[in-house]
Protein chains: 2
Amino acid sequence: MTPIKLIIADDHELFRNGLNELLKKYDDVQVVALVEDGNVLFQELEKHTDVAMVLLDITMPNMDGFEVLNTLKNRNSQVKPIVISMHDEGNYIASCAKNGAYSYLLKNTDQEELIKTIRIVNDGKKYFHPQIAEKMINYMSEQSVSENLLSNKEKEVLGLIAKGLTTKEIAKQLFVSSRTIETHRANIIKKLEAKNTAELIKKATEINLI
Amino acid sequence: MTPIKLIIADDHELFRNGLNELLKKYDDVQVVALVEDGNVLFQELEKHTDVAMVLLDITMPNMDGFEVLNTLKNRNSQVKPIVISMHDEGNYIASCAKNGAYSYLLKNTDQEELIKTIRIVNDGKKYFHPQIAEKMINYMSEQSVSENLLSNKEKEVLGLIAKGLTTKEIAKQLFVSSRTIETHRANIIKKLEAKNTAELIKKATEINLI
DNA sequence: AAAAAAATCAGTATAAATACGGATGCCGTT
DNA sequence: AACGGCATCCGTATTTATACTGATTTTTTT
């Protein structure tokens with residue numbers, strides 16, 4: 001059986017080397033390179049075309065983890081990224097998941113969990129620990145501030161705007177004047193501090209209003 | 001210790017009753033009502049103010065599970081919804097998570113898993129089985145079709161539109177004529193099959209282009 | 001080398017959105 | 001009874017966006 005080839009990307013040398021030593025214990029895993037940022041990572045990836053995955057830190061100089069995830073995704077790379085981060089905020093986790101991370105581990109994870117994750121990911125499956133998934137889902141369903149920001153009518157109008165209806169069409173559908181809808185729209189834009197409808201829709205989706 | 005009070009909402013009577021019988025075995029769980037749709041659910045919730053959670057089916061007549069989730073969220077209800085569905089599509093799972101579901105179970109889940117989930121949720125924690133979380137994350141990170149749909153320039157322009165910049169502002173920033181940006185915008189809208197910018201931004205965020 | 005796609009620019013006309021300024025009646029809270 | 005938030009409506013003017021029909025050049029793909 002050929003070992004799982006991987007690269008460790010982290011700007012902290014001690015952590016990088018420690019992880020490397022730690023993984024030597026496992027015969028089915030082979031670390032082919034240790035790199036300190038995203039740029040060097042992609043250089044190494046060109047040399048080693050058979051790398052299966054990357055253990056990826058988020059906070060790195062030059063080219064950070066998020067950029068690496070994005071680049072891998074855009075290049076349609078077969079390399080599977082496992083994020084190893086010290087941040088356990090839903091924000092970070094959701095972004096990584098969205099950008100193609102196969103797993104998200106905290107730096108205080110024990111090695112059993114790490115090797116388990118590596119093996120699962122090597123089978124092409126994504127694996128997020130229930131506690132990590134919980135944090136992400138909590139973040140996704142957050143609506144705290146936005147909860148009572150908009151009135152019910154405003155929420156309704158916002159939904160129709162996002163559907164691509166024009167002011168006139170919305171007015172017709174809600175049996176009110178176009179003026180009313182225009183005012184609603186203006187108020188919604190003001191409340192979400194957007195410049196125009198485009199930004200409004202973006203902000204609204206960000207805080208789960210749509 | 002007071003038992004965990006819950007309501008079962010499912011339009012299939014057999015399933016409803018079966019679940020009820022099944023839960024009788026557990027002393028710490030008490031089913032206070034069986035309902036066939038969302039409307040009846042809310043009637044029952046008014047009668048029983050001490051209900052801790054709802055086992056909720058998605059596909060129901062009159063008022064379906066998604067609407068129930070939304071309504072609970074909008075009312076800031078303390079009732080914790082656990083979705084029990086037969087659909088294991090990431091689409092469904094992500095929507096439920098986003099709308100405040102505390103868990104998502106498949107109808108073929110074994111009872112060990114069910115009672116475990118009920119107890120976890122009763123402690124106020126959300127719990128998504130790794131396999132369910134995996135499906136959701138796969139969906140979230142999906143970009144297959146959209147991957148090469150837009151050119152790089154178009155992606156760039158789209159990003160600036162979403163930021164709230166007008167055509168003129170974008171043109172200035174990219175050192176091209178307003179005409180160019182107008183064309184780009186029109187092409188992007190066409191490619192994403194949107195009616196206008198508002199819907200464009202919504203669709204673009206849905207498929208992770210922004 | 002030929003074909004396809006991407007990026008650039010244009011005219012003309014209409015439709016829609018935004019920015020100002022107002023206004024009224026309703027409803028719930030203080 | 002007074003107040004603020006909400007939903008409703010209006011005028012005027014300007015700015016933006018959209019629809020339609022084009023075009024050229026460069027780059028990429030076949």
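A quick note: this is a predicted structure, and the numbers were derived from the prediction, not measured.
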So, is [X] close to the [N] phosphate, meaning a side-chain N or O under 4.0 Å from OP1 or OP2?
{"X": "A:Thr197", "N": "C:dA17", "value": "no"}
{"X": "A:Arg185", "N": "C:dA17", "value": "yes"}
{"X": "A:Lys153", "N": "C:dC26", "value": "no"}
{"X": "A:Ser151", "N": "D:dG5", "value": "no"}
{"X": "B:His184", "N": "C:dA7", "value": "no"}
{"X": "B:Thr166", "N": "D:dT15", "value": "no"}
{"X": "B:Thr180", "N": "C:dA7", "value": "no"}

Checklist entry - What are the two closest non-hydrogen atoms of B:Leu56 and B:Gly65, and how far apart are they? => result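 Closest approach of B:Leu56 to B:Gly65: CD2-O, 3.7 Å.
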Next on the checklist: To check you understand the geometry: which heavy-atom pair defines the closest contact between A:His87 and A:Tyr104, and what is its length?
Outcome noted: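 Taking A:His87 first and A:Tyr104 second, the nearest heavy atoms are O-OH, 2.7 Å.
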[atom1] of [X] versus [atom2] of [N]: gap in Å, rounded?
{"X": "B:Lys195", "N": "D:dT18", "atom1": "NZ", "atom2": "C1'", "result": "15 Å"}
{"X": "A:Leu150", "N": "D:dC6", "atom1": "CG", "atom2": "P", "result": "9 Å"}
{"X": "A:Glu156", "N": "D:dT8", "atom1": "CD", "atom2": "C1'", "result": "14 Å"}
{"X": "B:Ile181", "N": "C:dA10", "atom1": "CD1", "atom2": "P", "result": "13 Å"}
{"X": "B:Leu165", "N": "D:dA17", "atom1": "CG", "atom2": "C1'", "result": "15 Å"}
{"X": "A:Ile188", "N": "D:dA7", "atom1": "CD1", "atom2": "C1'", "result": "12 Å"}
{"X": "B:Asn152", "N": "C:dA6", "atom1": "CG", "atom2": "P", "result": "10 Å"}
{"X": "A:Lys168", "N": "C:dT18", "atom1": "NZ", "atom2": "P", "result": "16 Å"}

Checklist entry - Roughly how far apart are B:Asn70 CG and B:Met63 CE, rounded to 0.5 Å? => result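 Rounded to the nearest 0.5 Å, the CG-CE separation comes out at 9.0 Å.
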Item to check | Interatomic distance, B:Phe15 atom CZ to B:Asp10 atom CG [nearest 0.5 angstrom] | outcome: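 CG of B:Asp10 is found 5.5 Å from CZ of B:Phe15.
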Next on the checklist: Can you work out whether A:Thr167 or A:Thr183 has the more 5'-proximal nearest nucleotide on DNA chain C?
Outcome noted: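 In this pair, the answer is A:Thr167.
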Item to check | Most 5' of B:Ser178 and A:Ile189 on DNA chain C, judged by nearest nucleotide | outcome: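 Looking at the nearest nucleotide for each, B:Ser178 comes out on the 5' side.
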Next on the checklist: Using a heavy-atom cut-off of 4.0 Å across all strands, would you classify B:Asn187 as base, sugar-phosphate, or nothing?
Outcome noted: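 Nothing, no nucleic acid heavy atom in range.
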Item to check | Shortest side-chain distance from A:Arg179, nucleotide among D:dT8, C:dA7, D:dG11 | outcome: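 Among the listed nucleotides, the one closest to the side chain of A:Arg179 is D:dG11.
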Item to check | Neighbour count >12 (heavy atoms, 6.0 Å) for atom CD, A:Gln78 | outcome: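 Open.
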